[in-house]
*Asks:* 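Here it is, the structure, as C-alpha cells.
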Amino acid sequence: MTQITSSSQRAITDAVPGLKFRFSIVAEVAPSVSLDETAAGELGFIPITGGTVAGDLEGSVIGSGGDWCLIKSAGTYRVEARYGIRTTEGAYVDVVNTGILTRPGEGAHTPGRGGEYFMTTPVFRTTHPALAWLTHSVFVGHAVAGDGATSIDVFEVIVPGHPA
C-alpha cells in the first residue's frame, strides 16, 4: 500500500488544476422529440438547429446535430450532444459533449446545491493545425438551458507548471 506523505500531499495540492475561460457556445434548439421509454428512463432527442461560438474560438454551430437526453428521474437528465462548429476561418470542429443537468424544482435531490446544475465535458476533434489546442486539453462546460437555446461557457482545465 502506498503511503501519502506530507510532501507528496503538498505536491498534489500545488498541482490542483485551474480553469481558463476559452469560449461560449449558444446552440439553438428545436422542441424535444420522445424516442423511447424504458426502465432506465425516457430518451428524448433535441435537434440542434444552429447557433454561435464566441471567444478564443469564433464561428457558427452547424444546424445538423442533436442532443440525446435521458431523463433519469424527476429533474435529473443525462445529456449527450453531437454537433459541428464551422469557424470564421472555415475550419470544421466536431463536438461530442456529455453532461448532467439537475433541476431541483422538478424533484431532483442535489445536496448543497440551491439551483440548477448543468455541467458538461466537451471533447473536440479537428485536423486544422491552428486549432490543435482543442485536441490537447480537457475542457468542462457550464451550461444553461433556456427556451430555444442552450448556452455553454467552455473552460480549459489548466495544470500549474504545464504549458497551456
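For this chain, numbers begin at 1 and follow the sequence in order.
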*Asks:* Is it true that Arg22 and Glu156 have a side-chain N and a carboxylate O under 4.0 angstrom from each other?
*Replies:*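 Yes, charged N to carboxylate O under 4.0 Å.
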*Asks:* Out of curiosity, Ile25 CD1 to Thr120 OG1, how far, rounded to the nearest 0.5 Å?
*Replies:* 8.0 Å
*Asks:* Can you see which heavy atom on Pro47 is nearest to which on Pro31, and at what distance?
*Replies:* CD-O, 3.5 Å
*Asks:* Between the side chains of Ser34 and Glu42, is a donor N or O closer than 3.5 angstrom to an acceptor N or O?
*Replies:*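 The criterion, which ignores hydrogens and geometry beyond distance, is satisfied for Glu42 and Ser34.
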*Asks:* Would you say Phe118 ends up clustered with Ile46 if hydrophobic residues are merged whenever their side chains have heavy atoms under 4.5 Å apart, either directly or through other cluster members?
*Replies:* no
*Asks:* Honestly curious: do Phe21 and Val144 fall in one hydrophobic cluster under the side-chain, below-4.5 Å linking rule?
*Replies:* no
*Asks:* Closest heavy-atom contact between Pro122 and Gly141?
*Replies:* CD-N, 3.8 Å
*Asks:* Work out which heavy atom in Gly44 is nearest to a heavy atom in Ser32; give both atom names and the distance.
*Replies:* CA-OG, 4.2 Å
*Asks:* How many angstroms lie between atom CG of Asn97 and atom CD1 of Ile152, to the nearest 0.5 angstrom?
*Replies:* 5.0 Å
*Asks:* So, taking the atom named OG1 in Thr102 and the one named CD in Glu116, what distance separates them when rounded to the nearest 0.5 Å?
*Replies:*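 It is 7.5 Å, given to the nearest 0.5 Å.
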*Asks:* Quick check: closest heavy atoms across Pro17 and Pro160, and the distance to 0.1 Å?
*Replies:* CA-CD, 4.2 Å
*Asks:* Under 3.5 Å, side chain of Ser137 to main-chain N/O of Leu134, donor-acceptor pair present?
*Replies:* no
*Asks:* What is the distance from atom OG of Ser24 to atom CG of Asp56, rounded to the nearest 0.5 Å?
*Replies:* 10.5 Å
*Asks:* Does CZ belonging to Arg125 count more than 12 external heavy atoms closer than 6.0 Å?
*Replies:* no
*Asks:* Taking the side chain as everything from C-beta on, heavy atoms only, tell me whether Val140 gets closer than 4.5 Å to His142.
*Replies:*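 Not touching, per the 4.5 Å side-chain cut-off.
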*Asks:* Determine, step by step, whether Ile71 and Thr76 satisfy the side-chain contact (heavy atoms from CB on, under 4.5 Å) criterion, reporting the C-alpha distance in whole Å, the side-chain angles of both residues, the deciding distance to 0.1 Å, and the verdict.
*Replies:* CA-CA 6 Å; Ile71 303 170; Thr76 302; over 6 Å; no
*Asks:* Do the side chains of Val61 and Val79 join up, straight or via other hydrophobic residues, at under 4.5 Å, putting them in one cluster?
*Replies:* no
*Asks:* Is any side-chain heavy atom of Asp67 less than 4.5 Å from a side-chain heavy atom of Val29?
*Replies:* no
*Asks:* In the structure I gave you, are the side-chain heavy atoms of Ile158 and Leu19 within less than 4.5 Å of one another anywhere?
*Replies:* no
*Asks:* How are the rings of Phe139 and Phe23 set to each other: parallel, tilted or perpendicular (split at 30° and 60°)?
*Replies:* tilted
*Asks:* Grouping I, L, V, M, F, W and Y whenever their side-chain heavy atoms are under 4.5 Å apart, do Val138 and Val159 come out in a common cluster?
*Replies:*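 Different clusters.
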*Asks:* State the CZ-CD1 distance between Phe124 and Ile85, to the nearest 0.5 angstrom.
*Replies:* 6.0 Å
*Asks:* Is Tyr77 close to Arg103 at the side-chain level, that is, under 4.5 Å between some pair of heavy atoms?
*Replies:*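 Yes, their side chains come closer than 4.5 Å.
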*Asks:* Determine whether Leu101 and Ile48 fall in the same hydrophobic cluster, where Ile, Leu, Val, Met, Phe, Trp and Tyr are linked whenever their side-chain heavy atoms lie under 4.5 Å apart.
*Replies:*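 The answer is no; the residues belong to distinct hydrophobic clusters.
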*Asks:* Taking side chain as C-beta onward, heavy atoms only, is Thr126 less than 4.5 Å from Thr135?
*Replies:*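 Yes, side chains in contact.
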*Asks:* Roughly how far, to the nearest 0.5 Å, is the CH2 atom of Trp68 from the CZ atom of Phe45?
*Replies:* 4.5 Å
*Asks:* Do Arg82 and Glu80 sit within salt-bridge range, that is, some charged N less than 4.0 Å from a carboxylate O?
*Replies:* yes
